[in-house]
Amino acid sequence: MNTTQTRHPLWVAYGASGVVGSIRKDDEGYIVTMAGADSVLGAFPTMEVAKSALHAHMTPGSDWPQFREH
């Protein structure tokens with residue numbers, strides 16, 4: 001039996017108070033999930049758009065988060 005695993009890259013976004021969300025790459029694009037959310041924020045066509053969407057949903061005035069690939 002052959003099994004194939006598809007690796008989907010994951011980036012975790014860190015703000016001043018810790019993890020604020022994540023971005024996962026899959027076949028639909030870049031999927032943004034905010035920390036503690038029950039559902040995804042949405043799918044975006046590029047990493048830069050996904051990062052901007054995540055930042056836009058942080059507390060107003062928040063610094064740009066640091067993104068680390070895992």
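In this chain, residues are counted from 1 in sequence order.
Using a 4.5 Å heavy-atom threshold, the side chains of K25 and H8 count as separate. The shortest distance between side-chain heavy atoms of P9 and E69 falls below 4.5 Å.
The distance from atom CZ of R24 to atom CG of L10, rounded to the nearest 0.5 Å, is 8.0 Å.
Residues S62 and H55 share a closest heavy-atom pair of O-NE2, 3.0 Å.
Hydrophobic side-chain contacts under 4.5 Å tie V20 into a cluster, directly or through other members, with W11, I23, Y30, V32, M34, L41, F44, M47, V49, L54, M58, W64, F67.
Under the salt bridge (Lys or Arg N to Asp or Glu O under 4.0 Å) criterion, the residue pairs touching residues 49-68 are E48-K51, with sequence neighbours excluded.
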